[in-house]
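Order of the sequence lines sets the chain letters (A, B, ...), proteins ahead of strands, with each chain counted from 1.
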Amino acid sequence: MNEELEKRIKKVNAKKFGDDLVGWFEQEMRDLPWRENQDPYRVWVSEIMLQQTRVDTVIPYYNRFMEQFPTVEALANAPEDQVLKAWEGLGYYSRARNLQAAVREVHETYNGIVPDSPKEIFALKGVGPYTAGAILSIAYGKPEPAVDGNVMRVMSRILSIWDDIAKPASRKVFEAAVRELIYRENPSYFNQALMELGAIVCTPTSPSCFLCPVQSHCAAFAEGSQQELPVKSKKKAAKTVELLTVIAENNKGEVLVTQRPEQGLLANMWEFPSFEKNGTDISSQMSEFLLSDYQVEAVITDEEWLAQDHIFTHLIWKMQVGRAKVSMADTALPEKTLWVSKDKIEKLAMPVSHRKIANRWSALT
DNA sequence: GAATCGTGGTA
DNA sequence: TTACCAAGATT
């Protein structure tokens, strides 16, 4: 941290800043399910779900999840496919697998008690610097920084910090700043208030400075630079991949599905057989694919192909979905491949694009 | 340090 | 429509 910034931090009246911020939070905080109590497990689950995900999106998932897996023990003992299914639609599915792996470690190593030391919490799978600080402060009241995107935005304005917040190294600057300013009377509310302020008042575009409880402490407001902060570099555009996807039905009304590899994109999720398009003879590509990869003989039916896009952050799938009639192959299927009925396909965890395709297939009655 | 890893909402 | 955004972690 440079001396310039150190000087600005010293100039902030930390006591009054905390009083103003936490006082505002006590008045304005939203009534959210994970604020019901300070159960470390409940706090933990909420923080994992909230990673890169909006509050409104998380709420219904969180309520269902806590009903299904109310305790460390319940989640530790649950089948993994059930946990993944509970996560369906939330995205970043490694969060679900890492969470369960970490919960199992807490169950076995810590007798079901979420540890309260920075070193032990940080060592848990899926728990990084932000989440460790969030659990320590919110569940255990420890004065640890919890620096997320909100906190970087708010503090960049309060302290006029022009570091590029898209760069990983910048987080440390903000952690150091928060360490100096943290409200030791109530670290939990202080951290939550910084995030709440970022979500409600100190928004990315057109912040509502006129109703900000810490306006008088804000360097950016004083110099009129709140619209220019934080500095955030742009990310590169997503690549597009063209896929062919097949709804392959047998004569029992079942469809072929396969489970993705346990590493990488959409790990362990179920999907309809798909492959990268290579040319214009898509029907023949598809029957060759079914034969070579699944030992299934099929006739591509002569119906119109439907389009389904799947937009990721760094990737776009443009999918063309065809249907195939399989003359019942009693030969064994490859590993992690199944014939499933409409009832069964609902229970599998699928990414949104394939879930939409499944729903369209089911609607064909 | 840059790339990877989802999804739905919004300007 | 495009681009960006949202309580980040892992590789």
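- Residues of residues 37-45 of chain A that place a heavy atom closer than 4.0 Å to DNA chain C do not occur.
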Identify the pairs formed between an N or O of the protein and an N or O of nucleotides 1-3 of chain B at a distance under 3.5 Å, and give each distance.
none

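- Between A:Lys234 and A:Met195, it is A:Lys234 whose nearest contact on DNA chain C lies nearer the 5' terminus.
- Here C:dC5 presents its C1' atom at 17 Å from CD1 of A:Ile200, a figure rounded to the nearest Å.
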Under 3.5 Å, sequence neighbours excluded: what are the donor-acceptor pairs made by side chains of residues 340-350 of chain A?
from: A:Ser341; atom 1: OG; to: A:Lys344; atom 2: N; distance (Å): 3.3
from: A:Lys342; atom 1: NZ; to: A:Thr365; atom 2: O; distance (Å): 3.0

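- With A:Arg179 contributing its side chain and A:Pro145 its backbone, the two residues share no donor-acceptor pair below 3.5 Å.
- Using a 4.0 Å heavy-atom criterion, one finds that A:Thr131 contacts the sugar-phosphate atoms exclusively.
- Remark: A:Lys235 is not in phosphate contact with C:dC4, judged by side-chain N or O atoms under 4.0 Å from OP1 or OP2.
- Summarising the geometry, the separation between CD1 on A:Ile121 and C1' on C:dA9 is reported as 15 Å, rounded to the nearest angstrom.
- No continuous path of hydrophobic side-chain contacts links A:Leu243 to A:Leu290 [ILVMFWY only; heavy atoms under 4.5 Å].
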- Item | Chi angles and distances behind the ring-ring contact (aromatic ring centres under 6.0 Å, His included) call for A:Phe65, A:Tyr61 | CA-CA 6 Å; A:Phe65 198 91; A:Tyr61 281 92; 9.4 Å; no
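- Only the C1' atoms considered, C:dA6 is 15 Å distant from B:dC5, to the nearest whole Å.
- Using atom P as the reference point in both C:dA9 and B:dG8, the two lie 22 Å apart (nearest Å).
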- In B/S/- notation (B base, S sugar-phosphate only, - none; protein heavy atoms under 4.0 Å), nucleotides 6-11 of chain B written 5' to 3' is BBB---
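- In the hydrophobic clustering (ILVMFWY side chains linked at under 4.5 Å, chained through shared members), A:Ile311 is joined by A:Ile316.
- Pairs passing the ring pair (Phe, Tyr, Trp, His ring centres under 6.0 Å) check and including a residue from residues 211-266 of chain A, sequence neighbours excluded, read A:Phe17-A:His217.
- A gap of 16 Å separates the C1' atoms of C:dG8 and B:dG1, to the nearest Å.
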